[in-house]
Structures are given as structure tokens and as C-alpha cells.
Amino acid sequence: MCGIVGYIGKQEASPLLLEGLKRLEYRGYDSAGVAVLTEKELKLKKHKGRVTELAKHVSGNSLSGNLGICHTRWATHGAVTEENAHPHVSFDGKIAMVHNGVIENYLSIKKFLEGEGYSFYSETDSEVFCNLIAYHYAKEDSESETRFPDSVRRTLKHIEGTYGIAVICADHPTELVGARKGSPLIVGIGPDEYLLASDVSAIIRRTSNVVYLNDGEIVSLKNGELNLLTNDEEILTPEIKTIDWDIAESELGDYEHYMLKEIFEQSGALENAMRGRFSDDMSTAKFGGLNTTAQELRQIDRILLCACGTAWHACLVGEYLIERFARIPVEVEYASEFRYRNAPLDKNTLVLVISQSGETIDTLAALRESKRKGYKTLAINNSVGSTIARESDGGIYQHAGPEIGVASTKAFTSQLHILSMLALYLGRLRDMSFQDGLEYVAALKQAPELVTETVKLSDQILEISKKYKDMTDCLFLGRQDMFPIALEGALKLKEISYIHAEGYPAAEMKHGPIALISAECPVIVLATQPDIHEKLVSNIQEVKARGAPVIAIANRSNPLPKEIADDQILIPDCHRAVLPILASIPTQLLSYHIANLRGCDVDKPRNLAKSVTVE
Ligand code: M6R
């Protein structure tokens, strides 16, 4: 987590840096800081709190200069204090650095540096990293043209852990150095200027030409030149990519919050997920980037779906979809568990990872571990050019547009839609009939329109939210493909409203959680599947009998009796391939309205960051 931006060019650095930093706040927002370097001095401002607070303290010309670095923090080592905020400056005042990542061997390095007479003002691993650069810098040949980047390169050889860094040196007021391993870093190339950033959103206002750094690469930006090399001093030719990004997509517009905007954008996100992805005879889907043949896919006899958080819930829905429609056995793993578990996989296993950001470190590690073991890997991903997109054997881009709200909404439903299309594609390579394929495609194509209808329930859901906004606990229940939607509903509610919520398979409730049921613990039930409707009604009766208020999400054609549902949200009837999408929308709106009514910061919930790039 943490967001970093660096600038070198002809403009005033600090306003550009802060503008870029605001766009990276989804990566962390507990403290922020900026450093600007001129021929005369290194100037620094740090502040506990958000970037807007920092901006108030960077007034007038106090931080004037054309070279600078800045950082928005999500604390890992050390409390949220001004001392622990970045940029960090070395003991001798020479080196200033911003860092995204975690240094695992920082304690031994710290001990070594203390033995060399260095002292530290913060509790962070990053300050230690910065001082190690200063240590090596002091040892380099002072006449060398490449003294500064060489000192960074030498330091990296002793660093264990992950990093995306931007570094400046008081003796080199025309040079900016960056490096990455495990944490993302890109270089933006503008006319007469370069930028370094954790991702494209921070720089897209200035340029759409970027170079993605790979792990183990260092870049030096100096005198209008970009020099890229590996940690082993191999000189590389930078590959410049042009980013296709509509700036308006990342603006709030008339919405109060990004989360609400993104809930309302879901219909368009589904359209984009489908664009150009149906075959000419329209009985199946097609994907351009799988880099695998239909014959190879027919030989797959098991699929492992792997992700974190909301994307993991998408995997659980994917399991139902692929097993039901393509008849291929599927397993779902938390990426963070899979990477440390030596799970036996058959050689005909396909590993499919899902990640909105494409930078989640555990998902990336699971992908790398799968590749190391020789499995075919694919990724569903929303960030063009992200590390996961670049490292997987093939993939499917979501094209859902930037998701800024920390709570994932449109990325989730777009992942579900792509999984539905994938289930169709794999199903048609096997047993699914032409006619079933045609019906399936028609259902998928109808989904955006049904989503538009479903988000219109927002006003009704606002009224329901007013009744329940003060609850302290609640349960979400669902069966089969509604169980992951229950889990996702509970996650959404707890992450943005801080209400304790659990998702459970409805019939499992009586094996334990039923002990929690009381008038103070509302239960949200996903009662949308016609084939198990009666079973679910029995589960709701068990809840009602113990006095809990019930909020039901049901189909328009099959509402629940009023005696068992205190409140009811009716979604349009639809095909099973689309149902998880429609059913999740009321849970998103419920979480949004409840959190908003409670005065919570919906887009930036406490303790969270959107992209988790630390273990
Ligand atoms: O970028 P990713 O999809 O890999 O992110 C995975 C999770 O960190 C993410 O879904 C997280 O759970 C969100 N807070 C959910 O709203």
C-alpha cells in the first residue's frame, strides 16, 4: 500500500505532486508528506492525516522547486505520526526517499547502521532503507557521474522485502531515481518532464506515455534522459506504452461519493466487459487475450480460482458458474493461503487469479508460485499494464474503468460477468448445446438493462437503511451462489460502516450462529433462487421465530410473505448466470446508505487501502 509520486521537469513540483498524490489516496491515507529539492536546499513537509491537510501546509512558495517526491501512507511499521510519515531523510541530510513496501531485514540493517554511528527518528523500516542509501552514497567515488544511482543499486543488493521507491539526493538537484521490487512503479514521460508514480491515475493528467518498471529495475531521470537498468547493471531499452484512459471516468461528477457513482456505473461496466466478446454465431463468448487454444482448454480437468477479499468472493461465484455451466471441477483458494500451502495440483489444472488492481501482493505471489510449478495461468484484471496482467500467461481485462472507492462494487460485478462469459465459453467447448448457448448469450446481453433497473431501488433502500442504521450486528444469509453474495454483502457493510456483519450459508446458521439471533441482530436474506425457495423460507422462519428483523432480497415474481419479511427488496427476474450480479446490488446500496447515514467516510474507510501491496 502507500502511494508515491516523483517529479522532475520545468514546472513547480509541489502542486503537481500533491495533485497526483490525491489520486493515490485509495492506496493509503493516514499521513502524507512531500520533499522538494533545489540547488540550495532540501525542503520537507509532512502531516498526519489526508493529502488535503498536507496541501494546506504547503502554501505559497515555501516548497518551491522543480524536483520533488511525495507519499501518502498506509502504516505498516510504526504508528500514524508525523515522524513516521514519508519522505524520510537520512541522518546526514543527503538522501530523501519515499517507499511503498515492507523491508523484512530492516532490524539487522538498523543495528549495523547504529554501529556505524547512524541514529533514527522514526520507527519505520523505510527510514532504515533511506539511511542505507546514504551509507553507500558516502562510500561511492565522489567524482563518479553515476554516484547517486550506483548507491541506490548497491543498497538494493542488501534489501530483503518489497519496495517501490523514489529517491532524491541533496548533492544532485537534477536527478530523480526510482526502483521497484514487489511494489508497483511507473515512469510517466511528458514534454520536458518525467514523473514516477505507483500507478497511472497519478500522472494521467500530464501524460499518457508510460514505462512500467519490472521487479529488479532501477531508473535514473536526469537532464531529460531516462536511464533504465537492472540491479545487475544491465542497460535496458525502455518500452514506452500509451495509456488509453478517459480522465472523466475518474472524476466524481454529480455524485456525493465514488462508491455511489461506481454502483451506478455497473451497467456500463458490464457493457464494456462484453464488448466484442461474443462469437459471430452468438452462441458463445470469445476472449482475445487467453493465449491458449480451444484444444488446450478442453484438456483442462480442474480450475483453481485464487484471489483476495471481494475478488475471492467473485471466485466463489465463479465456482458455481463454471461447475454448473461448464461442468469443470473448480476449487477456490485465498491467495494468501495458497502461496504458503504446497497444494498438489494436477498438470491439467488451470490457475485463474482475479484482481481488480492487478497489484495485490498475495495474488501476485500465488500467480508466481503457480507459474513456477508450471501451471497454465490466466488473470481477470481491471488495470491495464498491472503486474498481474503482465505476468500471467493470458488474461481477460475487465474494462470497468477506474474504481476509486475503496469498497469494490463495479469491479466485483464486472468480474462476475466475465466469469459468466468464461463459464459459457468453457461450457460450449464441452457439453453445452447451441440452443443453451444462445439463451445464455441473450441473458448476458440483457444484464446491463436489468442492472439499470436494479440500481433504481436506491431510494427504497435508503428508507430501509434509515430503520437499521444503528444496528451493531447483523447476519447475511444465502445458499449456493447466494452464499458468496452474503459474504460480500457482509464484507461491504463492515468495511464502510464498521457494523459487525457475518455472511453464512443459510442452512448452516442453525449449527452455531443461530445463538446470535435476537431482536437486535437483523438478518439480511438472499431469497432469490426459485429451485430452493421453500428451503430458504424454512431458514427464514427459524430466524423469525427468534425475533430477528428480516430484510429479504427476493425476485419480483416470487416475493416472500409479509409475515416473515419485515422489509423486502425485489429485484428483476433473470437467468442464473446474471442473478449473483443483480442480487449483490441491493447489498451494495444498503451498505452505502447505512454508512453514509452513520457519517462514515464511505470512500476512504478507516484502516483500509484499496490496493494491498504488502503481505
Ligand atoms: O485489487 P484486488 O481485487 O486484488 O483487491 C482485493 C481486495 O483487497 C479487495 O477486494 C478488498 O477486499 C476491498 N476492500 C473490497 O471492497
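Whatever order the structure lists them in is the order used to number ligands and atoms, beginning at 1.
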### Query
For S414 and Q398, does a side-chain donor sit closer than 3.5 Å to a side-chain acceptor?
yes
### Query
What residues, two or more places apart in sequence or in another chain, satisfy salt bridge (Lys or Arg N to Asp or Glu O under 4.0 Å) together with K286?
none
### Query
Does S336 have any side chain to side chain donor-acceptor pair (under 3.5 Å) partners at least two apart in sequence or in another chain, and if so, which?
none
N/O donor to acceptor pairs below 3.5 angstrom from side-chain atoms of residues 315-322, sequence neighbours left out:
{"residue": "Y320", "atom": "OH", "partner": "Q480", "partner atom": "O", "Å": "3.3"}

### Task
Report yes or no: do E359 and T387 form a side-chain donor-acceptor pair below 3.5 Å?
yes
### Query
Would H257 and Y592 count as a close aromatic pair, with their ring centres under 6.0 Å?
yes
### Query
Applying a heavy-atom distance cut-off of 4.0 Å, which protein residues contact ligand 1?
C308, G309, T310, A311, S355, Q356, S357, T360, V406, A407, S408, K492, E495
